[in-house]
Amino acid sequence: MKTLSLIQPDDWHVHVRNGDLLKTVLPYTARQFARAIIMPNLKPPVTTVAQALAYRAEILQAIPSDVNFTPLMTLYLTPQTTLSEVQQAAATESIHAFKLYPAGATTNSEAGVNDLRGIFPILAALEKYDMPLLIHGEVTDESCDIFDRERVFIDTQLTQIHHQFPALRIVLEHVTTTEAVQFVQAANTNVAATITPQHLLFNRNALLAGGLRPHFYCLPVLKREPHRQALLAAATSGNPKFFLGTDSAPHLSALKENACGCAGCFSAFAALEFYAAAFEDANALDKLEGFASFYGADFYRLPRNTQTITLVKSAWQIPPVYGTADIRITPLQAGEILQWQMQSPDAL
């Protein structure tokens with residue numbers, strides 16, 4: 001039996017929702033990861049320190065009693081975000097970043113930003129207080145091809161942000177293109193990127209070939225095979241600018257499987273197994289620990305974890321659905337076979 005032991009990883013981009021959905025999905029993240037950057041795009045969005053602390057308290061109540069897990073909170077950046085809120089967030093130990101959504105780019109992003117220059121004072125404050133900016137990097141211009149929206153955002157907006165605020169720590173979330181990889185590689189050490197399991201494992205054929213498959217639909221959408229290969233090369237390169245962020249984004253199956261299905265892949269139940277599959281296919285399992293366990297913690301200036309987890313080469317079938325009768329979530333690759341399985345976290 002083949003085994004792989006790693007320092008327990010962290011998830012640097014995850015959606016755990018709230019309410020009953022939170023209670024259903026959070027245990028999967030908490031059992032795999034020691035910490036996670038929690039996305040703030042709830043309804044209503046988490047825009048203030050007070051809201052973030054209340055949301056953190058709800059998350060803490062949902063953590064299984066037999067695991068140790070720390071939620072790392074973020075604030076949703078809007079045109080109404082104030083300089084005093086940035087200062088208060090920077091002084092609050094449990095808040096670790098602000099999230100920039102272009103308005104209309106993805107789920108619950110309506111409160112996001114339309115005028116980039118209008119938030120420059122806020123970006124200057126983030127730079128001053130050394131608070132990371134996490135970016136969903138896509139333009140929302142309907143005339144722009146959906147497969148080009150990340151590239152155009154980098155060319156027209158991200159380059160401008162990085163030039164104007166070179167000391168601002170930026171994470172370009174869930175990168176999907178060769179151009180995004182190249183931008184991060186060429187930028188200074190204040191710029192990093194997260195990569196999801198679905199973008200490492202699949203190209204756009206998974207979404208479209210043989211019929212529309214809504215559970216592979218996420219934003220940014222899956223791209224062509226050369227882009228997937230560029231992401232895989234970056235993730236397995238040992239470059240500390242690239243690290244794990246699942247972007248696990250659960251939705252009720254009924255909301256995915258309709259005429260206007262929502263975007264997001266639920267991967268938290270087997271995130272590390274998905275990454276192990278991608279790294280094994282690239283003959284780079286020796287690079288997984290750095291990508292999953294070290295580089296994100298280093299970028300966020302947090303101590304590396306000390307507990308370990310073990311993955312075992314043991315085939316198992318992904319269930320067709322997770323949840324209950326009222327909360328049914330179709331997982332990524334439902335019904336398919338995974339070759340790796342995580343054991344319970346090892347003792348300290």
Side-chain angles (χ1 to χ4, degrees), residues 1-4 6 8-9 11 13-17 20-33 36 64 67 174 195-219 221-222 228 231-232 235 244-258 261-282 285 288 291-292 309-345:
M1 180 180 293
K2 188 173 182 179
T3 63
L4 178 65
L6 309 170
Q8 189 170 18
D11 188 347
H13 180 148
V14 69
H15 300 264
V16 296
R17 311 308 187 195
D20 289 339
L21 189 53
L22 165 70
K23 296 173 185 176
T24 300
V25 302
L26 179 68
Y28 296 108
T29 291
R31 291 188 187 280
Q32 291 223 332
F33 298 102
V67 299
H174 43 50
I195 306 179
T196 76
Q198 65 264 27
H199 291 110
L200 286 178
L201 287 168
F202 309 112
N203 61 37
R204 64 189 186 183
N205 284 345
L207 174 63
L208 299 169
L212 185 62
R213 301 166 71 189
H215 299 290
F216 286 88
Y217 174 52
C218 58
L219 290 171
V221 295
L222 301 174
R228 187 188 75 84
L231 297 177
L232 193 59
L244 184 156
T246 65
D247 192 22
S248 181
H251 294 279
L252 299 182
S253 298
L255 297 179
K256 293 282 288 179
E257 300 166 1
N258 62 38
C262 46
C265 298
F266 177 54
S267 62
F269 66 96
L272 296 179
E273 291 91 334
F274 285 126
Y275 282 111
F279 276 66
E280 184 177 40
D281 286 346
L285 280 172
L288 180 58
F291 172 84
I309 58 98
T310 298
L311 294 166
V312 177
K313 193 75 177 288
S314 177
W316 61 287
Q317 186 174 33
I318 299 171
V321 67
Y322 281 89
T324 65
D326 295 327
I327 298 179
R328 296 174 59 84
I329 306 162
T330 302
L332 184 65
Q333 284 201 288
E336 299 296 322
I337 302 297
L338 276 178
Q339 298 300 324
W340 289 92
Q341 190 165 17
M342 197 194 89
Q343 294 181 334
S344 297

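In this chain, residues are counted from 1 in sequence order.
Judged purely by atom type and a 3.5 angstrom limit, K2 has no side-chain atom pairing as donor or acceptor with the backbone of K313. Remark: the backbone N or O of L200 is paired with a side-chain donor or acceptor of R228 at under 3.5 angstrom. Side chain of Q32 to main chain of A271: a donor-acceptor pair is present (N/O by atom type, distance under 3.5 Å, no hydrogens or angles). Not a single donor-acceptor pair under 3.5 Å links the side chain of E336 to the backbone N or O of Q317. For T29 (side chain) and V25 (main-chain N/O), no donor-acceptor pair under 3.5 Å exists by modelled atom type. In terms of modelled atom types and a separation under 3.5 Å, the side chain of H251 and the main chain of A263 share a donor-acceptor contact.
With sequence neighbours excluded, the residues satisfying side chain to side chain donor-acceptor pair (under 3.5 Å) with T330 are S253. The side-chain contact (heavy atoms from CB on, under 4.5 Å) test applied to P320 returns no partner, not counting sequence neighbours.
Contact check for V321 versus I329: no side-chain heavy atoms found under the 4.5 Å cut-off. You'll find the side chain of Y275 stays beyond 4.5 Å of the side chain of L201, heavy atoms only. Contact check for C262 versus K256: side-chain heavy atoms found under the 4.5 Å cut-off. No side-chain heavy atom of L22 sits less than 4.5 Å from a side-chain heavy atom of D20. Counting heavy atoms from C-beta on, the side chains of T196 and T246 never come closer than 4.5 Å. When side chains are defined from C-beta on, P9 counts as touching L272, because their heavy atoms get closer than 4.5 Å.
Under the side chain to side chain contact (heavy atoms under 4.5 Å, CB included) rule, Y217 has a single partner from L212, L208, L207, L222, which is L207.
The shortest non-hydrogen separation linking S248 to F266 is OG-CD1, 3.5 Å. Scanning both residues, T324 and R328, for their nearest heavy atoms gives O-CG, 2.9 Å. The shortest non-hydrogen separation linking A315 to Q339 is CB-OE1, 3.7 Å. Between H15 and A249, the closest heavy-atom pair is CD2-CB, 3.9 Å.
Taken from CG in L6 to CE in M342, the straight-line distance is 10.0 Å, to the nearest 0.5 Å. Within the model, atoms CG of L311 and CD of E280 stand 10.5 Å from one another, a figure rounded to the nearest 0.5 Å. The CD atom of Q333 lies 8.5 Å from the CZ atom of R213; values are rounded to the nearest 0.5 Å.
Separation of the F279 and F274 ring centroids does not fall under the 6.0 Å cut-off. Here H199 and H174 keep their ring centres 6.0 angstrom or further from each other.
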>> Could you walk me through whether D247 and V14 satisfy the side-chain contact (heavy atoms from CB on, under 4.5 Å) test, starting with their C-alpha distance in whole Å, then the side-chain angles of each, then the deciding distance to 0.1 Å, before giving a yes or no?
In response: CA-CA 5 Å; D247 192 22; V14 69; over 6 Å; no
>> Quick one, H215 with C265, criterion side-chain contact (heavy atoms from CB on, under 4.5 Å). Give me CA distance, side-chain angles, the key distance, then yes/no.
In response: CA-CA 6 Å; H215 299 290; C265 298; over 6 Å; no
> Please walk me through it: do F33 and L244 pass side-chain contact (heavy atoms from CB on, under 4.5 Å)?
Replying inline: CA-CA 11 Å; F33 298 102; L244 184 156; 3.7 Å; yes
> Are W340 and T3 close enough, and set up right, to give a side-chain contact (heavy atoms from CB on, under 4.5 Å), and what steps lead you there?
Replying inline: CA-CA 9 Å; W340 289 92; T3 63; over 6 Å; no
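Ring orientation note: the planes of F269 and W316 are nearly perpendicular, at an angle over 60° on the 30°/60° scale.
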